[in-house]
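One-based numbering, in listed order, for ligands and for the atoms of each. Numbering of residues begins at 1 and proceeds along the displayed sequence.
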Amino acid sequence: MTSDAPPSRKGGHNQATQRPMSRRSASRNPPAAFDVEAARAAFPLIAKRPDLAYLDNAATTQKPSAVLDATRNHYETRNANVHRAAHGLSDAATAAFEAARQRVAQRINAASATEVVWTRGTTEGINLVAQSYADAVLREGDAVLVTEMEHHSNIVPWQIVCARRGAELRAARVTPEGCLDIEDFKAKLDGARIAAFCHVSNALGTVNAVRELTGLAKRAGATTVVDGAQAIPHYPVDVQELGCDFYAFSGHKAYGPTGIGALYGREALLEAMPPWQAGGEMIEEVRLEATTYAGLPFKFEAGTPNIAGAIGLAAAFDYLDGLDAEGLRRHEERLLAEATSGLLQIEGARVVGAARQKGPVLSFVIDGAHPQDIGTLLDQQGVAVRAGHHCAMPLMQRLGIGGTVRASFALYNSSADIERLVSAAHKAKTLL
Ligand SMILES: Cc1ncc(COP(=O)(O)O)c(C=O)c1O
């Protein structure tokens with residue numbers, strides 16, 4: 001497994017300075033053709049629960065055996081703390097941990113593994129940028145630009161730092177179709193030091209034109225922070241091609257463990273940023289008078305990291321990269337199309353979010369029925385969805401609705417799951 005490949009330097013912090021492998025060298029086997037039945041068999045929970053149509057993947061995904069095995073194997077064969085001990089077990093743990101960092105760097109095409117900071121997830125990654133980078137650069141009268149379609153974790157950290165620094169928080173408008181109003185985004189970039197926006201909306205599935213947005217922001221002199229939580233599980237992400245300064249994501253939404261994620265940051269920016277959390281691991285030398293900090297990326301990683309989580313995340317990327325990416329994309333598109341047309345057969349049902357480019361997320365409402373009640377009735381019929389505001393209250397306010405029912409699809413979902421969703425929604429409608 002790529003994540004277990006030994007790094008060329010044993011132990012120590014410097015392992016993270018190695019360049020990631022090229023995409024080609026990482027995939028040792030040609031990708032197998034996409035096969036949904038094989039995918040279902042690879043996920044123990046899915047295989048053991050044929051009674052359940054799990055359609056809450058935007059909240060979190062199930063884990064393949066490869067991820068469960070990798071984390072278990074770590075605890076069974078090389079569990080030790082990393083970077084600090086004088087024994088072989090710690091060297092082995094450090095090697096696997098830093099190989100996992102390289103695996104992540106390679107998956108997102110970071111120029112160097114030093115640009116990959118481990119976090120607990122997207123939320124922590126954005127908070128890191130807000131509390132370290134933004135807190136240092138924002139001055140009174142500056143602005144931070146977000147959009148109306150953001151998850152709360154890409155709004156509230158900016159509200160806090162803007163309030164602290166006397167800066168203004170602006171939001172670019174979303175159209176009634178659930179698309180970003182690019183003209184409004186452009187206009188509001190004027191005077192913005194930072195532009196933070198999602199790659200894919202968790203509530204509607206809208207895919208933003210990230211390259212265009214980073215280009216506009218760059219020309220306006222704004223640093224870009226991309227929330228990649230909903231993109232990483234579905235699309236190949238190339239941070240250099242996207243032209244972003246920061247990119248945050250969570251492992252658990254991409255078939256990896258909970259409690260692990262990564263923040264990509266351009267090296268020059270990370271170098272200049274102050275640390276945000278302090279303690280062990282992030283220091284070079286501590287004296288009671290003053291402390292010097294470790295180099296990248298350790299400066300931002302105080303305390304014992306989630307070692308098994310990092311190894312599990314690398315295994316998730318190995319698993320994903322072993323699939324036929326194009327076949328998978330078409331499979332997820334087909335699930336979305338089937339669900340959309342099935343739902344629209346229900347009288348009074350309306351799909352919320354009509355972007356031309358959408359991730360596999362279907363948000364809908366049914367006239368006269370509360371989303372929460374639909375969610376409960378679907379659950380009673382073995383269909384797991386999410387209902388409510390999806391941590392995107394400003395978006396719901398903008399669209400003039402209290403919430404939606406959200407069915408979100410993953411690689412192990414089948415047409416049978418979609419049929420169950422549609423027939424359960426039909427039944428819910430007749431009951432309400
Ligand atoms: C678009 C988006 N951003 C951020 C988050 C927060 O992710 P996490 O809770 O893993 O930090 C989510 C989670 O649903 C999300 O969908």
Side-chain angles (χ1 to χ4, degrees), residues 54-63 67 104 108 117-131 146-160 171-172 174 178-180 195-208 210 213 224-235 237 242 244 246-264 276-277 305-306 309-310 312-313 316 352-353 355 357-363 384-396 398 403-410:
Y54 182 77
L55 303 176
D56 194 17
N57 295 289
T60 199
T61 51
Q62 301 304 333
K63 318 303 170 201
V67 168
V104 169
I108 60 172
V117 178
W118 294 118
T119 62
R120 282 189 296 131
T122 313
T123 304
E124 192 172 73
I126 296 170
N127 274 278
L128 193 169
V129 182
Q131 290 179 35
V146 295
T147 83
E148 290 177 340
M149 72 171 80
E150 299 311 312
H151 188 281
H152 298 159
S153 63
N154 203 20
I155 297 175
V156 185
W158 305 114
Q159 278 175 335
I160 291 172
V174 166
C179 300
L180 184 62
F197 46 85
C198 60
H199 194 159
V200 177
S201 154
N202 65 306
L204 307 181
T206 306
V207 178
N208 281 321
V210 173
L213 300 180
T224 48
V225 184
V226 181
D227 171 350
Q230 298 294 341
I232 282 279
H234 305 295
Y235 305 109
V237 167
L242 291 174
C244 56
F246 295 100
Y247 194 100
F249 67 91
S250 308
H252 71 98
K253 293 183 195 284
Y255 311 103
T258 47
I260 189 73
L263 172 73
Y264 158 81
W276 76 309
Q277 291 178 344
N306 183 351
L313 176 55
V352 182
Q357 232 205 315
K358 264 177 82 165
V361 171
L362 178 64
S363 249
V385 295
R386 182 158 170 186
H389 53 64
H390 315 298
C391 298
M393 288 173 89
L395 176 62
M396 297 298 136
R398 170 73 182 149
T404 71
V405 182
R406 182 187 72 186
S408 49
F409 313 114

To atom 11 (O) of ligand 1, the nearest of Thr258, Thr123, Asn202 on a heavy-atom basis is Thr123

Exercise for the section: Kindly state whether the ring of His234 and the ring of His199 have centres lying under 6.0 angstrom apart. Expected result: no

Is the shortest distance from a heavy atom of Cys198 to ligand 1 less than 4.0 Å? no

Output for pair (Phe249 CZ, Leu263 CG), nearest 0.5 Å, gives 9.0 Å

Exercise. Say whether, by atom type as modelled, one donor and one acceptor occur between the side chain of Asn202 and the main chain of His390 under 3.5 angstrom.
Key: yes

Contact check, Glu150 vs ligand 1, heavy-atom distance below 4.0 Å:
no

Atom 15 (C) of ligand 1: closest protein heavy atom, distance to 0.1 Å, is His151 CD2, 3.3 Å

Ranked by distance from atom 16 (O) of ligand 1, the top protein heavy atom is Gln230 NE2, 2.7 Å

Across all chains, not counting sequence neighbours, the ring-ring contact (aromatic ring centres under 6.0 Å, His included) partners of Phe197 are Phe185

Atom 1 (C) of ligand 1 has as its nearest protein heavy atom Asp227 OD2, 3.4 Å

Closest heavy-atom approach to atom 7 (O) of ligand 1 among Ser250, Cys391, Ser408, Ala392 is made by Ser250

If I apply the N/O under 3.5 Å rule, does His252 come out as touching ligand 1?
yes

So CG of Asn57 and CZ of Arg386: to nearest 0.5 Å the spacing works out to 13.0 Å

Exercise. Evaluate the side-chain proximity of Thr206 to Met149: yes if any heavy-atom separation is below 4.5 Å, no if none is.
Key: yes

Honestly, for Lys253 the part within reach of ligand 1 (heavy atoms, under 4.0 Å) is side chain

So the atoms of ligand 1 within less than 4.0 Å of a heavy atom of Ser153 turn out to be 3 (N), 4 (C), 5 (C), 6 (C)

With heavy atoms and a 4.0 Å threshold, my read on which part of Arg120 contacts ligand 1 is neither

If we number the atoms of ligand 1 from 1 as shown, the ones under 4.0 Å from a heavy atom of Thr122 are 4 (C), 7 (O), 11 (O)

Can you confirm whether Arg120 is buried at CZ, in the sense that more than 12 heavy atoms of other residues, nucleotides or ligands lie under 6.0 Å from that atom? no

Applying salt bridge (charged side-chain N to carboxylate O under 4.0 Å, His left out) to Arg406 and not counting sequence neighbours gives Asp56

